[in-house]
Each structure stands twice: as structure tokens, then as C-alpha cells.
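These notes are about the structure you will find just below.
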Amino acid sequence: MAQQPIAEQRTRLETALEEFKQISDVLDVPTLGKPRLPKNRKWTLPCPDRKALADHPAGPEDEEVKKCLQQHSYLSKENEAGESYVKDSPKQTGRK
Amino acid sequence: MFRRFAGNIPGGANMLFLQHPSVLTTLLEVAWQSRVHNPARPLGDPFHRSNVPQLPDGWLNALKVITVPPIAPPASTATAESTQLAVLWDHLIYAYMIENTRIYEIFWRVLHEFLHGEKLGVPTAAAQHWLRNTEELFYRDPPPFSITTISSHIRADMRASRRNAYWRMFGMDLNHGADNGQPYSYVKADAYNNEFVTIFEEFLREAWVAIINVSNTSGSNPRDQGKLENLVANLQNMLMSRRANGNLSREEFAFVSMMSWFHLTVEFNSPIIEALRAEATGTEQRLFKVAQRVGLPAHGLSKSYFDIADPISRILILIEANGTGIVPHIVATAPPGALLNEIQVALNTIITHWSIITGRDVKAGKVAVR
């Protein structure tokens, strides 16, 4: 069997370990009691429904729940503005 | 996948369980959309698993931004587009190992009891969300057009579909049959890797020899790099043959996602674990307690199945991606007292738990018959 060029062997050597580190990095999972996954491996998830948040086992004082509740209240204000616009907009008149 | 979506335990996991099932399905679709995709690699390669599309981008992108905040996958770890590693999923062997604990059947019974009566008590408010999501995602047909929709009139039984995939890829069936103790009926394809277990065990045996000689820099050294290369090439060919043109990629994605949900459920004292009064220290201990509550014993070696699942998945992905390039790192030496490299550490864990699971001591030397 022909020997591979040394340069190519070195590249495959570096590539395999590098690839394993990349694979392990991407497949990294959180562990109980350890810090969360690093920022560049973290998914951004939407906030659950406000009614569902009320059932969070750690309750409303949990930091993530607080953050979501703040976002929900922002959404509620937007809704109020929307309703107000509808209320105040002039009535549609028929064709003259 | 779900363990990675959670981001941390228990905070992220508890938030994940409160999501609507449509959001969880969208997450899986986005994960498929963001999968690493290097068209220069052969189709079926870990970095080019499939060309089958997710929901059309216009539709999926609208679903992503309809939530607050919008769904976003992790940032890429590389700069070149062709090698961006945003999303990978575990090897099918991960799903095989987790399912061998009987976790799927055990939680089937949990849902059955909670949804039909109060024999296990009334689920807590937080557990209600877990029950709804689990039933919706894993114990009924998936929603139409989803990437995880792999059931149809052609293959109506997901449990049989999983066994079919395990048989084809590893030549192995699960260690348990149906609930009534009878063998589980499924299609046993003629094209399957019937030599996988033999070759893989031989590979582990040679890897062990290399690991225990890692500091051996003088005198005779029984490491056999040539044999390791032959075994790894064999494994790579075997696995990639089953993946030609992206075969089994969607099934693998669906099955590892499913098993990761159950794995996450027992990795901490999650709401459903608390509702079952099955709190414990240790993943397998929680599963044992849940199993006791529903009268279906988990596999006695569940700890080894949980512990082997992650490293064996990563090693098989690396073998598929890199082939014999892994061998120099298995036989690499290190000065006395130095740490093993990451590949050797992963193999060490696999060797330990494979020996426990199979009852065949990979660390024992071969006896030469004269």
C-alpha cells in the first residue's frame, strides 16, 4: 500500500482531533449543577404563554420567568394601543 | 436535540416543557433548516446528512418570528459557510442506547395512567404541560409536512420503524420485546450491517490496548495501528453504506430527538418526576423509581446505557466523517502523568460501559489457542 505524503498525514491528524472537538462542542449538552451551555451554543427560545408561565415550578421569582413576564407585559401594552386605535378611528361611512 | 434546546438544567428545561407543542415542532424544523451542510462532502456524511428540505423557508421563517423573542439557532462556530457547524444531531446509536433502558414504554404507562384516571395521583400544574407535550409529540402521528413525520400508511408503527433502523445500521435489536414478553414484530431488512458488533468490539479491544500503552515509549508495544486502521475503515464503510444518498437521516433525526426528550425528563427532578414522587439522585435512579410506580421495570444496566450514549454517538460520527484519520489519535502517546486526549477519553468511557452492557470484557486480553 502506498504511503501517504507526510504533509497530508499531518493534515488528517490535525483534522481528526479538530473535528472531534468541533463535533463535541456542537453536541455539548447541559448537565445538572453545571453552568449553562456557552452563549454561542445557546438557542433563543420564545417565552411560553403567560398562563403557562404561571405553572413554572420555580414560580414568578425565577429570573427567566420574570424576563418573560416583562416581555408579555410589553406585548399587552401594544395590544392596548391597538384596541385604542380601533376605538378612536372614525367610523366607516358608506359610499356617497 | 431537546437537551440542547434547553440550554441549562433545570431552568432552561423547565421553560422548554412549558412551550406549546407547535413551538417544539418548529424548533425541530429550524434545527433541520440550520443543519451543517457541506455540499463538498458525500450525501449521508455527518456534515451533509440530507438534501431533503424542511418546511418552505417562507413558511418556516414566518413561524420563527411570530414568537417573542423569535426562535434563533446557536451562532455558527466557524466562519466559512461550507463548514458552519450550527446544528448537528446525535448518531442513531444514541437513540438505540437510550431506548434500551425501556424509557419509552415506561413513560407510555405513565401517560396512560395519568390520562385515564388518578391511580398515580393528580399531576401537578407544571406536569400537565409535560404530559400534553409528550402525548402530542411522541405518542401520536406527527403533524403533516413536518421533517419528523416518518409515519404513514406504509410504516404506521413508530416503534417498529425504530427497530428497523437499528437493525439496518447496527445489526442489533433492542434488548426487550413487546410488553407481553413476545418478540416485537418489525421489518428486518436484508441489507443490514451484520458485522457491526463484531468489528466494533474488535476495534474497542485494539483501542484499549493503545490506551493502556499510552505512556509506553520504549520496549515492545503491542499497539497495532495497521489493524486499527483496517477496523475503522471497515466501520466507516459499513455505516456509510446504510447512509448512501442521505438514507436514514430523517429517521435518525426524529428518533434521537424523541429519545433526548425522555433523557432530559429524567436528568433532573423535572415536574413529571416530582408529580410521580420519583425524585432521586442520578438519571437512572429516577427512571427506576418511575418504572416502579408503573410496574414495568427499567433495564438493570440503565446507568451504563445513559453514560455510553453521548460518547459513542460522537465517536461514530467522527468515524463516519474522518475514517482512519482518527487512528493516530487513538495510538498517540503521552508522557507519564499526562492526560489522555479527548478521543481516548471518549473511547475509555465507551469501553467501560460496552463491557458492562454486553457482559463481554473488552479489556480482557485474547487467549491464543495453540
Side-chain angles (χ1 to χ4, degrees), chain A residues 1 4 8-59 62-76 78, chain B residues 3-16 18-20 23 27 30-31 36 46 67-78 85-90 124-126 128-129 260 267-268 270-271 274 310 313-315 317-318 321-322 324-329 341-343 346:
Chain A
M1 196 187 296
Q4 283 175 322
E8 193 180 315
Q9 284 178 356
R10 282 213 185 109
T11 304
R12 289 181 69 211
L13 190 91
E14 285 154 10
T15 304
L17 193 55
E18 245 338 285
E19 266 185 357
F20 189 72
K21 286 177 186 169
Q22 278 189 314
I23 290 166
S24 299
D25 183 44
V26 173
L27 292 179
D28 197 13
V29 284
T31 318
L32 184 62
K34 295 218 171 125
R36 58 178 69 224
L37 290 179
K39 271 196 179 148
N40 70 333
R41 298 316 315 153
K42 200 170 169 331
W43 282 75
T44 302
L45 263 51
C47 287
D49 181 84
R50 178 195 275 273
K51 295 186 193 74
L53 279 174
D55 292 336
H56 192 283
D62 179 82
E63 286 308 315
E64 299 206 30
V65 175
K66 270 194 216 170
K67 218 174 6 175
C68 282
L69 286 172
Q70 277 166 9
Q71 279 176 332
H72 275 294
S73 60
Y74 166 75
L75 281 173
S76 298
E78 265 194 346
Chain B
R3 294 157 82 208
R4 270 157 230 119
F5 292 153
N8 74 350
I9 298 173
N14 280 328
M15 292 296 264
L16 192 73
L18 293 176
Q19 297 285 358
H20 190 275
V23 170
L27 277 171
V30 173
V36 59
T67 56
V68 176
I71 292 172
S76 163
T77 58
L85 292 189
V87 173
L88 278 175
W89 54 87
D90 278 298
T124 59
Q128 296 280 3
H129 297 275
S260 75
E267 271 192 307
F268 70 111
S270 58
E274 287 179 345
D310 284 330
S313 161
R314 294 166 201 197
I315 287 292
I317 290 175
L318 186 66
N322 208 283
T324 53
I326 187 181
V327 174
H329 300 285
N341 65 43
E342 288 92 335
I343 292 174

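The figures here come from the full heavy-atom set of this structure, side chains too, leaving out hydrogens, waters and symmetry mates. Numbered from 1 within each chain, the chains take letters A, B, ... in sequence-line order.
- Contact annotation: the side chain of A:P46 approaches that of B:V23 to within less than 4.5 Å [non-hydrogen atoms, C-beta and beyond].
- Residues that satisfy the side chain to side chain donor-acceptor pair (under 3.5 Å) test with B:N8, not counting sequence neighbours, are absent from this structure.
- B:H20 has its side chain out of reach of A:D49: every pair of non-hydrogen atoms, C-beta onward, lies at least 4.5 Å apart.
- Smallest separation of non-hydrogen atoms from A:D55 and B:A126: O-CB, 3.3 Å.
- Counting heavy atoms from C-beta outward, A:T44 and B:P70 have side chains that stay 4.5 Å or more apart.
- Separation of atoms NE2 (B:H329) and CD (A:E18) is listed at 9.5 Å; rounding is to 0.5 Å.
- Neither the backbone nor the side chain of B:A13 has a heavy atom closer than 4.5 Å to any heavy atom of chain A.
- The shortest side-chain heavy-atom distance between A:L27 and B:W89 does not fall under the 4.5 Å cut-off.
- For the residue pair B:M15 and A:L53, the shortest heavy atom distance occurs at CE-CD2, 3.9 Å.
- With a 4.5 Å cut-off on side-chain heavy atoms, A:P30 and B:I9 count as touching.
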**Q.** side chain to side chain contact (heavy atoms under 4.5 Å, CB included) evaluation trace for A:R41 with B:R4
**A.** CA-CA 8 Å; A:R41 298 316 315 153; B:R4 270 157 230 119; over 6 Å; no
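- The structure places CZ of B:R3 at 8.0 Å from OG1 of A:T31, a figure rounded to the nearest 0.5 Å.
- Under the rule for a ring-ring contact (aromatic ring centres under 6.0 Å, His included), A:F20 has no partner lying at least two apart in sequence or in another chain.
- Between A:K42 and B:P74 the shortest side-chain heavy-atom distance does not fall below 4.5 Å.
- In this structure, the side chains of B:I71 and A:L45 stay at 4.5 Å or more apart for every pair of heavy atoms.
- No side-chain heavy atom of B:E267 sits under 4.5 Å from any side-chain heavy atom of A:L32.
- For A:K67, the NZ atom counts as loosely surrounded, since its 6.0 Å shell holds 12 or fewer non-hydrogen atoms of other residues, nucleotides or ligands.
- When heavy atoms are compared at a cutoff of 4.5 Å, B:P271 approaches chain A solely by way of its side chain, counted from C-beta outward.
- Proximity to chain A is absent for every atom of B:V327, based on heavy atoms less than 4.5 angstrom apart.
- A:E64 and B:G12 make their closest contact through OE2-N, 3.9 Å (heavy atoms, listed as atom of the first residue, atom of the second, distance).
- Atoms NZ and CG, on A:K21 and B:N341 in that order, are 8.5 Å from each other to the nearest 0.5 Å.
- Atom CD of A:E19 sits about 6.5 Å away from atom CG of B:L318, to the nearest 0.5 Å.
- A:I23 pairs in a side-chain contact (heavy atoms from CB on, under 4.5 Å) with only one of the listed residues (B:N322, B:I315, B:L88), which is B:L88.
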